[in-house]
Every structure is written in C-alpha cells, then in structure tokens.
Amino acid sequence: GSYFDAQSVQVVNDYAYVASGNAGLLVFDVSDPTFIWLAAAPESSAGAMDVVVANGYAYVSNTTGGFRVVDVHYPWSPKVVWYTLSGQVSSLHVHDDKVYVSTFGSGFLIYDASAPEEGLKVLSQTTDFGSALWAIDVQSGYAYTAGFIGGVKVIDVSDPTGPVLTKSVSIEKLGVNDIEILGGLAYVGTNDGIVIIDIEGCWQPTCGDGECNGEEGCQTCPTDCCG
C-alpha cells in the first residue's frame, strides 16, 4: 500500500520511520518487503518534514513548529518523550548526542540530546548563518547547511556552544531541498535539479597572512580573519 505526503524516511532494522506531513510520524513493519504494514502512528503534530532515528529515539521535525523526540525502543509502541514548539524546523541531524537543527525563520540551533527522557537543552542558537535554512548534514566537526535562497554554509561545530562560519558558497538555483556530503563533495538537491560543489576545493583558509586562498565563488575565511 501507499501513504500520502511521505516527506522523509529512515529504515532501522525491520522498521521504516516516515515523516508523513499532516499524518505526522508513521512506523511501518518492513520485515517482509512484499507485505508492508503500519505498525504504529504515535501522536505527533502535523507538518512532519524530516525524521532521524538514533539510539532508540526518533527525532521528527515539524514545519508547523519545532520538533518532537519519540521513544522507539519498542517500534510498535512509540511514545513522545519531549517536544519543542520553537521555530519552523525544516531539517535536523543527530550526531554524538547532539541535534543540529535548521529552521525557516529561527536560524541554526544545536541541542544537547544526551538524555532525551529528561529533555533537550539548547547549546546555541544563531541567525548569523541565515534565518531561512532548509537542509543540514554534519560530518567531522562541521555542519553543512543549505539555505532556501542563500547557498551553502560550512560551520565549525567543534564547540557546540559557539559555532563558527568557515565559508559560504553561493548557488544560483533557488529552492534548496536537501544536502549530503560525500567524498569532499556537497550534493545539493534543489527545485531545479542537483548542484554538486567541490567543498574540499574551498576548504579551510590559511588565516593570519591576510589572504584567502580559496577558489572563485568560495568565501573561505571568517570575517574576523580576512576582513
């Protein structure tokens, strides 16, 4: 069978977790691919846009406001353990007990998710990297965000309480939907197709000598480094 408005899906073991728009989070048993059935539909708000499952919890973003943390240790009996209504959350990424959140209107946030049952704590929030962020990926101490109209930002998140912009790459195409980093390349999904950016080719600058050693189209230095 099929369910309408599936925005995002992640499969863990024998279960598929689907962010299904106004239907919220849906959990499907996919142990038999020829017979997929709905195992659970936990109470969640409308506008489910993205879902990430990590360490027995599903993190579900809601464009209508905030995101929810759902305990899915028992996928057939999930329960919401924490939620926030802050911001229109478009995308999120979970890594090393941190939740990295891009929002449409409230900028970039990092949460401490080391104890989801006790609630998540905001470690930092900023609109310095743009307020209308639509997609995010996190790898090796860097967050890669893509704005709906503002291109790609590379952010040093080695200190989650003080993220720092390291570079910005403009994209002519509008309507960014997703971003993934693989092999030094950023694959950016837009309304007009896929844009591939050589991120390593515009990697970290040599600061202190007054020069930005990046390629054309890449702003490779923080403002306090190269002016």
Side-chain angles (χ1 to χ4, degrees), residues 5-12 16-21 47-54 58-63 67 87-96 98-110 126-158 160 163-205 212-222:
D5 204 17
Q7 299 290 326
S8 176
V9 61
Q10 183 171 351
V11 178
V12 178
Y17 300 84
V18 180
S20 191
M49 186 72 179
D50 194 16
V51 59
V52 177
V53 180
Y59 299 80
V60 186
S61 72
N62 296 104
T63 56
F67 68 97
Q88 291 179 288
V89 177
S90 51
S91 181
L92 44 80
H93 187 101
V94 181
H95 182 71
D96 287 342
K98 306 290 189 301
V99 182
Y100 301 85
V101 178
S102 61
T103 73
F104 194 78
S106 301
F108 176 73
L109 298 91
I110 303 176
T126 179
T127 58
D128 290 347
F129 316 136
S131 59
L133 303 176
W134 201 254
I136 189 169
D137 194 7
V138 179
Q139 289 191 22
S140 304
Y142 289 88
Y144 303 81
T145 67
F148 190 68
I149 58 174
V152 174
K153 303 288 195 303
V154 183
I155 304 165
D156 185 339
V157 292
S158 55
V164 177
L165 179 68
T166 64
K167 68 186 59 64
S168 178
V169 184
S170 61
I171 298 177
E172 294 182 359
K173 296 180 182 295
L174 300 180
V176 170
N177 299 313
D178 201 3
I179 183 171
E180 183 168 356
I181 309 301
L182 182 64
L185 300 176
Y187 297 82
V188 184
T190 77
N191 290 343
D192 297 321
I194 297 176
V195 177
I196 302 175
I197 302 171
D198 182 359
I199 291 293
E200 289 191 348
C202 320
W203 200 231
Q204 294 189 72
C212 290
N213 302 313
E215 296 181 355
E216 183 178 356
C218 299
Q219 179 185 332
T220 58
C221 293

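Residues take their numbers from the sequence shown, with the count starting at 1. We use all heavy atoms of the structure for the numbers below, so side chains are in, but hydrogens, waters and symmetry mates are not. Remember, predicted model here, so these are calculated numbers, not experimental data.
Taking the side-chain contact (heavy atoms from CB on, under 4.5 Å) definition, one finds that L182 meets it with Y187, sequence neighbours left out. S90 is linked by a side-chain contact (heavy atoms from CB on, under 4.5 Å) to S102, W134, counting only residues two or more places apart in sequence or in another chain. E180 meets the side-chain contact (heavy atoms from CB on, under 4.5 Å) test with D137; sequence neighbours excluded.
Without hydrogens or angle criteria, S61 side chain to D50 main chain gives a donor-acceptor distance under 3.5 Å.
The two atoms that bring V53 and Q10 nearest to each other are N-OE1, 2.9 Å, heavy atoms only. Of all heavy-atom pairs between V101 and T103, the closest is CG1-CG2, 3.8 Å. When all heavy atoms of I110 and K98 are compared, the closest pair comes out as CG2-CB, 4.3 Å.
Annotation: the span from L185 atom CG to D198 atom CG amounts to 6.0 Å, rounded to 0.5 Å. Interatomic distance, CD1 of I181 versus OH of Y144, reported as 5.5 Å (0.5 Å rounding). Distance check: I179 CD1 to K153 NZ gives 11.0 Å after rounding to the nearest 0.5 Å. Between the CD atom of Q7 and the OG atom of S91 there is a distance of 12.0 Å, given to the nearest 0.5 Å.
L92 places a side-chain heavy atom less than 4.5 Å from the side chain of V89. Side-chain atoms of T145 and I155, non-hydrogen and from C-beta on, do get closer than 4.5 Å to each other. Residues V60 and F67 have side chains not in contact (no heavy-atom distance under 4.5 Å, counting atoms from C-beta outward). Put simply, the side chain of D156 reaches to within 4.5 Å of the side chain of Y142, judged on heavy atoms.
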